Structure formats: C-alpha cells, structure tokens
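One structure is given here, and the rest of the page talks about it.
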Amino acid sequence: MATAAATAASLFRVVIRRETTTSPLAGKKHRSPVRIPRFAVSVDRPPAPTSAVTTSPEKTNPVVKREADGERGVDAKLKEEEEESKNRSVFSGMKRFLEESKVIIDEEKENGGGGAPRWFSPPDTGDCSGSWQMEDPPVLLYLPGIDGVGLGLTLHHQKLGRIFDISCMHIPVADRTPFTDLMKIVESRVKSEHQRSPRKPIYLVGESLGACLALAVAARNPDIDLVLILANPATSFSRSQLQLLIPLMEVLPDPLSLGLPELQSLMPGDSERMELGNLLKGLPLQNTTKELMEDFINFSPSLPALADILPKETLLWKLKLLRSASAYANSRLHAVKAQTLILSSEKDELLPSKEEGERLRKLLANSELRKFSDSGHFLFLEGNIDLVTVIKGTSFYRRGKKHDYVSDYIPPTPTEFKEVLDSYRLLNILTSPVMLSTLEDGTIVKGLAGLPSEGPVIYVGYHMLLGIELGPLVSRILTERDILVRGIAHPLMFRRNDAGLLPDLASFDSFRVMGAVPVAATNLFKLLSSKSHILLYPGGMREALHRKGEEYKLFWPEQSEFVRMAARFGAKIVPFGTVGEDDLAEVVLDYDDLVNIPLFKSLIEKLTAESIPLRTDATGEVANQQVHMPAFLPKVPGRFYYYFGKPIETEGRRHVLKDREKSNELYLQVKSEVENCLAYLKEKRESDPYRNIVPRLLYKAEHGFDAEVPTFEI
C-alpha cells in the first residue's frame, strides 16, 4: 500500500520538473484558445484547403541567410532568441498545457459531456513566424498519453507546423472507449491519409498510451509507410508501479483531489526535495529565490486543472486502459516493420522508460533510440526538448519512401546553431583559430571575404587528426558569411550500430543537423545541382586517423573523383589547408602499433567489419581505411590556422568531362594548391607571437575575453 501511495505521489510531481532551458516556440503572449467542437467526430479529414506555400530555402538557395524577419544576420537573431529564453518561466510547458486543457474541458462540461474521441488541428500551427514552410509536407498524427487531451505537443506546434500537416487526437475526460476501438479510430485515419497520398509517409507521434496505439496500428498495417516516434512507451506498464494503483484506487472512498494544497502536501518528502534541488541547481543564483517563487506563484493557479483532466474515475479507467494497451502492443511487436524512433527519459518516475527503450530497440529492427538523461515522463512538455531538432538530428524527416539528404534537409535554426557553436566553445578558446582567404586578384586577407558567395562550391582540403578542425571551420563560415557548408561524411555516422563497438549514433546528431550527408556520388550530384556549398576531404578516414609522423600529408586517391562532377555543374573549387594539430596533441600509439597488440588487433578487425567499406576498388594507402582510435597525448594548446586558396573556376571547362587527362591535370592542380596552403601556414605560424596559449590569454585579459587575438603579418 505504501508503494502504491508513493506511485500516486509520483504521478503528480511532474510539475516540479527541471526545465533550465526552453523551446524557442514556447511562451507566446497572445494565443488562440484551443477549441474542439463536440460533434467533430469524423475520422476522415476534409480536403486540405489550397494555399500558397513557399519552399524550403535549401531548395532555392543553399546559402542559408538567417534573415527571416528583415535584413538581420545570425548575431541579431541569436540575441533576440536568447533574450526571449531568459524571460521564459521554468514551469512554462506544464502551465501552458494546463491552461489550454482547461479551456477544452470547461467547454465539454458546458456541453454536458465530451462526446467521442476525435481529431483536431492545433490553431497555432498556422502561425509560422519564419520565412518558409515545407512544400507538400507529410501528415503527423499525435496520439496523447494518459491525459487524453491531445495537447502534449503544445510547445512544438509552430515548428512542427512548418514541416508537417498536424492533427491531434482528443479523448474526452468522460470517454470510456476501449483500447481496440481507439486503435481502430487511428487505423481508419491512417488508411484515409494513405489513400489520399500513397507515396508519402504518415507520422505517428505517441506518448505512453499513444505509443502503444502507434505500435498496434503499425503491426496491423505493415504495408503502409509509417514513421513512429514513441516517447516513453507504456509497453513497460506491467513492470511499473503504476499497476499497483489500480487496486488501491478501486477501494478509495473519496475522489482523488489534485488541488494546490494536496500537491503541496506531497512536496516535503525526500524525493520531492531532490526534484526541487535539481530544479534550483541549474538556475542562475538570482533565479533561485524571488524569480523562482514568482514563477511558481504564476503557475500555481493552473494546478487545479489536473483534477479536471484526471478525476478519480477517469484516472482509474486510464490505468486499466494502459494495462490493456501494453498487453496488446507487446503481443504484436514482432509484426512492426515501421521506421521507429524511441525517445526514453532516464528519470521517468511513472514508467521504467530507460530500460524499455533499450528493450524495444533490440526487438524493433528498424528503430533508433535517443535517451534524455535529465527528463521525466512528460518529455514534450519540458522546455529543453525540441522535437523538430530531434527529428532533424536523427534524419527521420522525409516526404517520400526514403530520406533525401538534399530535398528533405531543413537548415538549422539560430538556436540549433548556437547549441552546436557552444559545443565547440572550449576548442575555440583553446585554439583561437586564424582564418585566411584569397580574393579573386590573388590577395590573401584575414577573414573569409575571399570565399565565393554563390554556389555551387566545393571546399577541398586536408583532414586533421580526428577531424578536429571541422567545428571551428563550419561554425566560422556560417557566422561570418551566413553560408551553410554541407559536409560529405563517412557512412558510419548514419548507420545503426548493433554490436555496440562504434560510437552511438546520437553522438553524430549535431553533424546531421548542420547538414552532413553520407559520402555517395548521388548525394554529391544532388548537392551540386542545388548550388550548395560542399565540404570534401578526399583523404577521408585515412588522413583523419593518420600514423605518427604523417601530419599534413595528403592521402588522396589516384582517380579524380570529384573534378569531373564539379565541371559538369560549373562549380568553384576552393582548396584549403588546416594546421595546428601538432600543437594540440601528439600521436603515441598509431595503427601500426595497435595491430601488434592481439587485443587491439581483434577490436580493429571487428570495428572495420562493422563499418561500411569505402573505396573497395582503390589501391594504395587511401584504401587502408581500418577503423581504430589512435592514442595521443595532449600538449599545451597551440593555435589553429586555416587558409583558403584562390577559387578554381570550372565554368567553361566542360572538356574535363570527356578528357580523362585534362581531368587528372585539374585534380593534381587542386591537390598541389592544398599542399601549398599547408606549407604557407606551417611557415607563417613560426612568426606568430600568439601561437602559444599563454600570450593569447594575456592578450584577452587585457583586451576582453571576446577580443580577436592578432596573428602574423600577411
């Protein structure tokens, strides 16, 4: 009985959940109330209204200008979003959910009941404040959790509305539709959408109970192209303490009250104090007293809505519904073929979601798992979770049978870019990168003014150890020139890893958000045809995992792989060099050393076998692409130097397409220019008075931490 009581307390402690950062789409001051017509019970939606829809900027201009609201660059937009985030309450997600839910429930009470389960379109999905909306978007059906309201994505409606046609399922408080009938309602809608657009996928986003609905529908319809996004699925219900509530609630004499006094009475316990401590830990000092109390005071009037959403009779019914949903979905997991993304909260107090995510990932062959270490059960109501970013980072957005890395790509928002930029902040501080470029007249200048503005452009250069130069390079080009560079990356960053030897796919999500694509001739062709700016390393993994003493040595294939395709589209080729890895670390155990150790040799063979082989028809060192991790010792940080040479024009050189000898000449010219860039930087850095980190820190101490540190004379 004590365990069940503790579980009951956990069910309603979600409001004391840490939300130290917030979604850029939350907290609009003026919002249309959500109104769901009582008798809007049709399963098939009406024909979509015709409207003018603009295309993604990536399809028309790969040089992503972040000027959605006028002539403003990245910095102004980032400052605006940061200021908005500072004014966001830590309780904003749950507060908005409860306020909007109250509108719906009050209307249902006025009308004498809620009617049958039905679909509605969120009113704020049409208020897309950006400059674009995806053309011909797929349908997304949201399936609610135990609350049944259908507003679980309230923080995400605007961003989702740019790339999806959204409908949400609403289950009225008084409704007692059994699970199998709910499943048939969803199934009927899915079949209707499939009939309307048989070539487009249908997204089912479900939380707890809704996740079970999504799995059940997918199991019954393996021939329909479904994409499932499951947040903390209730398939783990039989292993949770929630099931202990059912016999307890059946004997409770009084309705379960969820008013503010009752909620406060739950707070003095150890676990509650821990939750509040976690909340305070992540906030600035000034927020931990007066501002936090103000946030809670503003939030507290919304708490009584919990009792309206889940009165005792409804909560008891929903728990029994979860039990039947879990049993039904688990019995049919073997039949689920749909592409599935599992989102697991590691601090879910209601369900063992952490373990369940791992279990489902093993059972569902076409699935990926993302874990959220600081999140609770109501994942989508936490302000630091951005569902669109998660979808983009996992490459789960598509409008056809397969994800197209060019036409389905959605450029990063300012907030997403800032998160990536922050992840490289320490590296930028330690290395103070110097960027040089070459103007059309051959003049070398500081900064990136020499980079072409219009695409298509291919940046071809040297890959430093572990590709450590990537972050500063891509972020500086985007910050300084508003140019998004699409990197050609190794396929292991895009392939599910079942053996557990390669890095988890989640570690590469930020690369995919920033536009990385797997290396393939078709992807290069599509990027060039869309006039993109492309980052290419012909030396690939062989350069990034080089041996001792091989710093700044190129390992390029003999074939001119990219030159003829560049000439076909008249692309500019920008050779560049990067120097500085030898001032940051020293390789002490390389591939040649590791293969002489039996344990490491076996591990390297397994890693290489698990990775997708590349250049199987190549010869020489570039074909030696064994996957391994060299051991290195860090040094007192030096400095990174980047030098972009004069762009090489291929416009008007279409003879390169047919003449293999001319193609090879151009290829060798590019390689020679990269080597010249490396040699130039290696020589010039010797005269840089700020090459060592100590004088750089002294300079910043005198001129300000954000001051740009000088370098050698050009």
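Everything numeric in this text was worked out from a predicted model, so none of it was measured. Side chains are part of it too, since the values below use all heavy atoms of this structure and drop only hydrogens, waters and symmetry mates.
For the pair T413 (side chain) and E416 (backbone), a donor-acceptor distance under 3.5 Å is present. Checking side-chain atoms of N232 against main-chain N and O of H377 turns up a donor-acceptor pair under 3.5 Å. Looking only at distances, no side-chain donor or acceptor of R370 sits under 3.5 Å from a matching main-chain atom of V390. Without hydrogens or angle criteria, T314 side chain to V173 main chain gives a donor-acceptor distance under 3.5 Å. Y409 places a side-chain N or O within 3.5 Å of a backbone atom of G515 that can act as its donor or acceptor partner. Put simply, the side chain of S326 never gets that close to the backbone of R323: no donor and acceptor are under 3.5 Å apart. A donor-acceptor pair is defined here as one N or O able to donate and one able to accept, closer than 3.5 Å; no such pair exists between the side chain of K347 and the backbone of F372. Between the side chain of S344 and the main chain of K354, no donor-acceptor pair closer than 3.5 Å is present.
Across all non-hydrogen atoms, the minimal contact from V227 to F396 is CG1-CD2, 3.7 Å. M629 and L466 make their closest contact through SD-CD2, 3.9 Å (heavy atoms, listed as atom of the first residue, atom of the second, distance). Between M134 and P137, the shortest heavy-atom contact is O-CD, 3.5 Å. Scanning all heavy atoms of the two residues, the minimum distance from S208 to I146 falls at OG-N, 3.6 Å. The shortest non-hydrogen separation linking F494 to A489 is CE1-CB, 3.9 Å. Of all heavy-atom pairs between F380 and L155, the closest is O-CD1, 3.8 Å.
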Checking S167 against R189 for the side-chain hydrogen bond (donor to acceptor under 3.5 Å, both in side chains) test, could you report, in this order, the C-alpha distance in whole Å, the side-chain angles of both residues, the deciding distance, and whether it holds?
CA-CA 10 Å; S167 290; R189 178 65 184 269; 3.0 Å; yes
Check the pair L213, F179 against side chain to side chain contact (heavy atoms under 4.5 Å, CB included), reporting the backbone distance first and the verdict last.
CA-CA 8 Å; L213 282 169; F179 176 78; 3.4 Å; yes
Applying side chain to side chain contact (heavy atoms under 4.5 Å, CB included) to C212 and F237, what does each step give before you reach the verdict?
CA-CA 10 Å; C212 293; F237 181 81; over 6 Å; no
Go through it in stages, so that I can follow the logic: the residues are E419 and S510, the test is side-chain hydrogen bond (donor to acceptor under 3.5 Å, both in side chains), and I'd like the CA-CA distance, side-chain angles, deciding distance and then a yes or no.
CA-CA 9 Å; E419 290 178 357; S510 62; over 6 Å; no
Show your reasoning for whether side-chain hydrogen bond (donor to acceptor under 3.5 Å, both in side chains) applies to H170 and E108.
CA-CA 12 Å; H170 172 65; E108 289 179 354; 2.4 Å; yes
What do the steps show when you test I385 against S375 for side chain to side chain contact (heavy atoms under 4.5 Å, CB included), and what is the final call?
CA-CA 9 Å; I385 304 300; S375 295; 3.8 Å; yes
Let's go through L182 and L321 carefully: what are the C-alpha distance in whole Å and the side-chain angles of both, what is the deciding distance for side chain to side chain contact (heavy atoms under 4.5 Å, CB included) to 0.1 Å, and is it a yes or a no?
CA-CA 10 Å; L182 290 174; L321 194 62; 3.9 Å; yes
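The closest side-chain heavy-atom distance from D509 to T389 is not below 4.5 Å.
Evaluated for a side-chain contact (heavy atoms from CB on, under 4.5 Å) with L230, the options L215, L369, L343 yield exactly one hit, L215. Y142 pairs with exactly one of E207, H156, H157 by the side-chain hydrogen bond (donor to acceptor under 3.5 Å, both in side chains) rule, that one being E207.
In this structure, E355 does not pair ionically with R359, as no charged nitrogen and carboxylate oxygen lie closer than 4.0 Å. Checked for salt-bridge contact, D504 and K371 miss the test: no charged N lies under 4.0 Å from a carboxylate O.
Geometrically, R512 does not engage F508 in a cation-pi contact defined by less than 6.0 Å to the ring centre and at most 45° from the axis.
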